[in-house]
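Working notes, beginning with the structure itself.
Numbers restart at 1 for each chain; the letters A, B, ... are given by sequence-line order, proteins then strands. Since the model is a prediction, treat every value here as computed from it, not as a measurement.
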2 protein chains.
Amino acid sequence: MSQTRESSSDQTGGTRDRILITATRLFAEHGYDHTSLAQVGREAHVSKALVLWHFDSKAKLFRAALGRTLEPFYIDVDDLKELDEPTQIERLIDLFYEFVRENVYSVRFMLSLIARGDKQPGEVIGRISDLYGVFRQLLRDVIDRGRHSGRFRPDVRPPLDAALIVAALDGILIEHFLGNQFPHDPSELIAYLKRTAIDRLIA
Amino acid sequence: MSQTRESSSDQTGGTRDRILITATRLFAEHGYDHTSLAQVGREAHVSKALVLWHFDSKAKLFRAALGRTLEPFYIDVDDLKELDEPTQIERLIDLFYEFVRENVYSVRFMLSLIARGDKQPGEVIGRISDLYGVFRQLLRDVIDRGRHSGRFRPDVRPPLDAALIVAALDGILIEHFLGNQFPHDPSELIAYLKRTAIDRLIA
DNA sequence: GTCTATATACAGATAGAC
DNA sequence: GTCTATCTGTATATAGAC
């Protein structure tokens with residue numbers, strides 16, 4: 001069990017937080033397997049015993065780190081309501097990519113979790129999957145509204161179009177990680193995705 | 001140095017090949033870190049010492065296994081020449097997904113390598129990146145020919161359209177790995193991708 | 001070529017002093 | 001809360017008999 005902390009948001013003062021921040025970075029940079037408790041301790045300037053005293057086990061430390069990682073992925077839906085549907089689509093695409101750009105390490109981390117459909121932290125995949133589900137549903141709703149308002153073509157298939165846009169975003173992300181020696185920077189591809197997606201949807 | 005074998009193609013007779021086949025499967029299923037030499041030896045019915053005798057080190061065993069893994073990704077270009085451009089696009093998309101379906105474990109493996117932009121087997125990323133480069137170039141050439149032949153719209157951007165199709169394919173692959181509780185099986189999305197891509201390209 | 005036995009290193013985790 | 005010292009398991013790799 002060990003101790004509980006009521007601090008929902010992290011004050012960066014304490015040793016525990018320093019450990020957590022260090023661990024988050026290391027997990028993101030090197031993955032679960034290649035991050036040792038000794039390394040976390042060393043870079044947080046504590047002993048590895050103290051790391052375990054605070055977090056009980058490596059697995060729990062990992063889950064705590066993941067909490068910090070997933071937290072900032074929050075989409076302000078109300079912010080969208082004012083815009084017309086095509087602009088909402090563009091905005092959602094931008095939000096996705098902003099999140100990726102600002103959380104490169106964490107996203108890389110998530111990707112590595114997805115890649116090996118591993119055993120132990122299976123709940124993690126679920127949370128990421130949920131995140132994607134929410135985002136895809138948001139897109140789908142926008143497309144659906146656009147179809148009913150007549151701004152989009154009547155033969156669009158909201159679930160499929162939404163899924164395809166999300167897939168393209170994911171793919172752009174991968175190519176980015178592949179060290180893209182391919183001649184386009186991601187933002188150019190993103191712009192092109194927006195253009196083609198909306199061209200296709202619009203009436 | 002140890003010994004060399006002149007067998008370019010693997011005869012499945014020898015112990016060495018049995019080890020290599022077993023290792024390939026295990027690396028693909030569980031990744032590099034979670035595959036021990038003991039496990040390879042056990043499942044190949046030899047001692048782990050023999051595994052090392054044949055392959056010198058785990059790293060070299062891994063490289064040998066990767067060779068086997070990447071080998072089947074070969075696209076018969078001549079096969080395409082007879083078809084018109086839209087059909088060539090569809091064929092290339094199908095080829096990509098066929099490869100994925102028939103090499104799920106290997107693809108998962110590659111994805112995990114991409115995810116952590118790791119240090120040691122850095123040459124591996126390069127090979128995967130090359131593979132993608134070839135595929136993207138193939139798509140790009142087809143689109144380019146379609147534009148010049150007038151079958152495709154004059155304002156298509158071959159490099160960008162090709163990159164976007166590849167990205168979408170990658171993304172579909174990821175969603176598939178995410179355990180897609182989303183209501184579409186990949187083949188439906190693939191079909192939709194083909195339809196929308198060609199709709200966009202065609203004059 | 002193939003084995004058993006062993007060397008060596010390092011991981012996660014615990015005990016207990018302070 | 002934080003440390004040092006240690007336990008225990010398992011990994012890669014080597015030595016040497018057959």
Practice problem: Using a 4.0 Å cut-off on protein heavy atoms (strictly under), produce a 5'-to-3' string for nucleotides 2-18 of chain C with B for base contact, S for backbone-only sugar-phosphate contact, and - for none. | Solution: BBB------SBBBB---
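- Pairing each heavy atom of B:V46 with each of B:R18, the nearest pair is CG1-NH2, 3.7 Å.
- With A:F96 as reference, A:V100 is the one residue of A:L92, A:V100, A:D94 to meet the side chain to side chain contact (heavy atoms under 4.5 Å, CB included) rule.
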Self-check item: Worked check of side-chain contact (heavy atoms from CB on, under 4.5 Å) between B:Y97 and B:H176
Solution: CA-CA 12 Å; B:Y97 212 68; B:H176 181 247; 4.2 Å; yes
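- Between B:H34 atom NE2 and D:dT12 atom C1' there is a gap of 16 Å when expressed in whole angstrom units.
- Within 6.0 Å of atom CD in A:E82, 12 or fewer heavy atoms from other residues, nucleotides or ligands are found, so the atom counts as exposed in its surroundings.
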Self-check item: Residues A:V40, A:K58; criterion side-chain contact (heavy atoms from CB on, under 4.5 Å); working and verdict
Solution: CA-CA 10 Å; A:V40 172; A:K58 188 182 180 181; over 6 Å; no
